[in-house]
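The structure appears below as structure tokens.
All of these numbers come straight from a predicted model, not from anything done at the bench. The figures here come from the full heavy-atom set of this structure, side chains too, leaving out hydrogens, waters and symmetry mates. Chain letters run A, B, ... following the sequence lines, proteins first and then strands; every chain starts at 1.
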There are 2 protein chains.
Amino acid sequence: MSAAREESRVPGREPLTAPVEDYLKAIYAIGRGSGAAATNEIAQRLALAPASVSGMVRRLADQGLLAYERYHGVKLTESGRRAALRTLRRHRVIEAYLAEALGYPWDRVHEEAERLEHAASDELVDRMAATIGEPEVDPHGAPIPTKDGSVDETEYTSLADLAVGASGVVVRVADEDPEMLRYLGELSILPGKRITVRSRAPYDGPITLGSGRQEISIGPALASHVLVAPLADRAGKRG
Amino acid sequence: MSAAREESRVPGREPLTAPVEDYLKAIYAIGRGSGAAATNEIAQRLALAPASVSGMVRRLADQGLLAYERYHGVKLTESGRRAALRTLRRHRVIEAYLAEALGYPWDRVHEEAERLEHAASDELVDRMAATIGEPEVDPHGAPIPTKDGSVDETEYTSLADLAVGASGVVVRVADEDPEMLRYLGELSILPGKRITVRSRAPYDGPITLGSGRQEISIGPALASHVLVAPLADRAGKRG
DNA sequence: GAAATAAGTTAGTATGCCCTAACTTTTACC
DNA sequence: GGTAAAAGTTAGGGCATACTAACTTATTTC
Ligand SMILES: [Mn+2]
Ligand SMILES: [Mn+2]
Ligand SMILES: [Mn+2]
Ligand SMILES: [Mn+2]
């Protein structure tokens with residue numbers, strides 16, 4: 001009868017499980033900028049059956065991490081967003097630390113971080129960040145959320161969308177596919193690299209790029225995974 | 001009907017879960033030197049109900065990790081022992097790395113390692129070990145198993161068992177209780193320290209130690225958690 | 001060696017997270 | 001705006017891991 005005897009249901013006090021953290025990250029990534037995330041999209045990202053997502057999403061909504069409207073997708077609550085960003089910070093600090101302090105190649109940090117992000121304490125993550133000089137981006141150029149939960153949400157243009165003749169600086173590449181990362185490395189399409197779109201063949205044809213003094217040609221599927229900060233240069237943006 | 005269609009039951013190929021790894025470590029620790037581990041003792045170490053241990057132990061035996069005789073405890077099989085030592089290596093390398101490379105205080109490495117040991121890949125652990133110069137012991141003096149699964153199993157004397165007048169070098173202290181570790185640190189009872197037993201009061205009374213040029217007095221409960229390598233010195237071992 | 005105690009097991013239940021199959025709701029299209 | 005396709009949910013399981021309560025086996029004690 002006394003309230004003190006009841007299950008103490010302070011939401012957000014108990015540590016989240018690894019699956020829960022991965023759901024929140026996925027939902028954050030899909031709905032970045034407050035959009036809603038669809039069940040099927042979550043399922044695809046996490047390689048789960050849609051039915052599994054329906055179940056989990058309901059539990060997360062009960063815990064106050066999501067706003068869920070049946071048949072209409074989910075959105076992170078403020079509490080869910082904070083949790084997502086905490087995991088994202090862990091993930092990216094760990095990636096940066098592995099690359100910087102332990103010589104991990106950039107194509108293998110993601111997989112390792114995907115597990116460690118659920119096991120590392122805040123203190124460890126903070127020590128890692130301090131040791132490598134508080135980096136602002138991970139090895140793939142993704143911004144690292146701060147401890148207080150803010151993050152740069154600038155939306156960049158993909159190389160696939162950059163106009164012919166335009167130039168940009170590579171700011172970020174997709175981090176999940178090791179083979180793709182190795183290939184980008186070979187082409188030295190790396191964060192910081194300046195690139196100009198020379199031509200684009202029709203019907204999803206190859207995109208020819210000027211990078212340094214070489215000319216390289218990539219498909220649009222690859223180009224779409226490279227984000228650039230456009231530069232206003234001689235060629236302008238007409239295309 | 002074809003054997004190839006059957007569930008492929010190659011034992012020891014699928015990665016072990018965190019609980020399983022912790023069971024194996026506990027069983028190894030209890031039965032070090034091939035003794036058997038009792039259900040209640042496993043339960044106590046892992047802070048679980050004995051009934052839970054009965055259940056888990058059966059599954060582990062089915063997987064070939066344990067030899068289990070109902071009502072008579074368990075022993076690690078060769079495969080179980082290998083798995084236990086792999087986890088132990090991870091745990092101890094991680095502890096050493098946290099202390100050495102990230103400035104973690106020795107009283108907090110254990111808890112962090114207890115989680116990371118299940119998430120770190122072999123490659124990460126090997127890189128950590130290489131980075132800090134392939135240490136042979138963790139920060140509490142426990143020997144680090146090698147990659148091929150061998151480990152120094154020397155049994156040391158506890159300070160509680162050292163004869164009055166005898167001296168020894170501290171080789172290892174219990175690693176689980178942070179408060180105890182902080183206290184030992186204050187007393188500078190650390191691995192490498194040379195200590196002489198000056199006197200021992202009866203009825204579990206205090207043990208007086210000479211350490212450096214100071215004299216300190218500790219209870220037998222604490223002394224039992226400090227392992228020493230006895231020195232044959234002037235005082236000898238009579239006591 | 002029988003009774004008392006300690007140790008260990010089984011039965012039954014819970015929770016988290018996943019699955020497939022069958023159903024319902026939404027949406028897209030003519 | 002009715003129907004087909006797509007998207008999403010529910011129903012019904014499975015497995016791993018834990019718990020408590022009740023029972024069984026082993027050990028200790030007199
Ligand atoms: Mn990543
Ligand atoms: Mn993850
Ligand atoms: Mn430890
Ligand atoms: Mn552990």
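Shown here for A/Asp152 and A/Pro143, the closest heavy-atom pair between the two residues is O-CG, 3.4 Å.
The existence of a salt bridge linking A/Arg89 and A/Asp126 is confirmed by a sub-4.0 Å separation between a basic side-chain nitrogen and an acidic carboxylate oxygen. Here A/Glu21 does not pair with A/Arg90 in a salt bridge; the nearest charged N to carboxylate O distance is not below 4.0 Å. The pair A/Arg127-A/Glu123 meets the salt-bridge criterion, since a charged nitrogen lies less than 4.0 angstrom from a carboxylate oxygen.
Nearest-nucleotide positions on DNA chain D place A/Ala38 closer to the 5' end than the other of B/Ser52 and A/Ala38.
Out of C/dC19, D/dA7, D/dA18, the shortest distance to the side chain of B/Pro19 is found at D/dA18. In this structure, of C/dC18, D/dT9, C/dT9, it is C/dC18 that holds the atom nearest to the side chain of A/Leu48. Of all nucleotides listed (D/dA16, C/dG8, D/dG8), C/dG8 comes nearest to the side chain of B/Thr39. Distances were taken from every side-chain heavy atom of A/Arg58 (C-beta onward) to each of C/dT10, D/dT10, C/dG8; the shortest belongs to D/dT10. For A/Pro50, the side-chain atoms get nearest to D/dT9 when compared with the rest of C/dT20, C/dG8, D/dT9.
Atom CD of B/Glu111 is separated from atom CD of B/Glu176 by 11.0 Å, given to the nearest 0.5 angstrom. Rounding to the nearest 0.5 Å places CD1 of B/Ile144 at 8.0 Å from CZ of B/Arg92.
In terms of phosphate contacts, B/Tyr23 brings no side-chain nitrogen or oxygen within less than 4.0 Å of OP1 or OP2 of D/dA16.
Going from atom CG of A/Leu66 over to atom C1' of D/dG8 covers 16 Å, rounded to whole Å. Atoms NE2 (B/His118) and P (D/dA16) sit 18 Å apart, rounded to a whole Å. If you take CD of B/Glu21 and C1' of D/dT17, they are 15 Å apart, rounded to a whole angstrom. Following rounding to the nearest Å, B/Leu60 (CG) and D/dA18 (P) show an atom-to-atom distance of 10 Å. At whole-Å resolution of the value, CG in A/Asn40 and P in C/dT25 are 17 Å apart. When rounded to the nearest whole Å, the span between CD1 of A/Ile30 and P of D/dA7 equals 14 Å. Rounded to whole Å, the distance from CD on A/Glu69 to C1' on C/dT26 is 13 Å. Rounded to whole angstrom, the span from the CE atom of B/Met56 across to the P atom of C/dG8 amounts to 18 Å.
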Pick out the pairs of N or O atoms, protein on one side and nucleotides 21-29 of chain D on the other, that lie under 3.5 Å.
none

Inset, instruction - With side-chain hydrogen bond (donor to acceptor under 3.5 Å, both in side chains) as the test, would you mind laying out the steps for B/His91 and B/Asp138 before giving the verdict? - result: CA-CA 9 Å; B/His91 181 101; B/Asp138 78 12; 5.5 Å; no

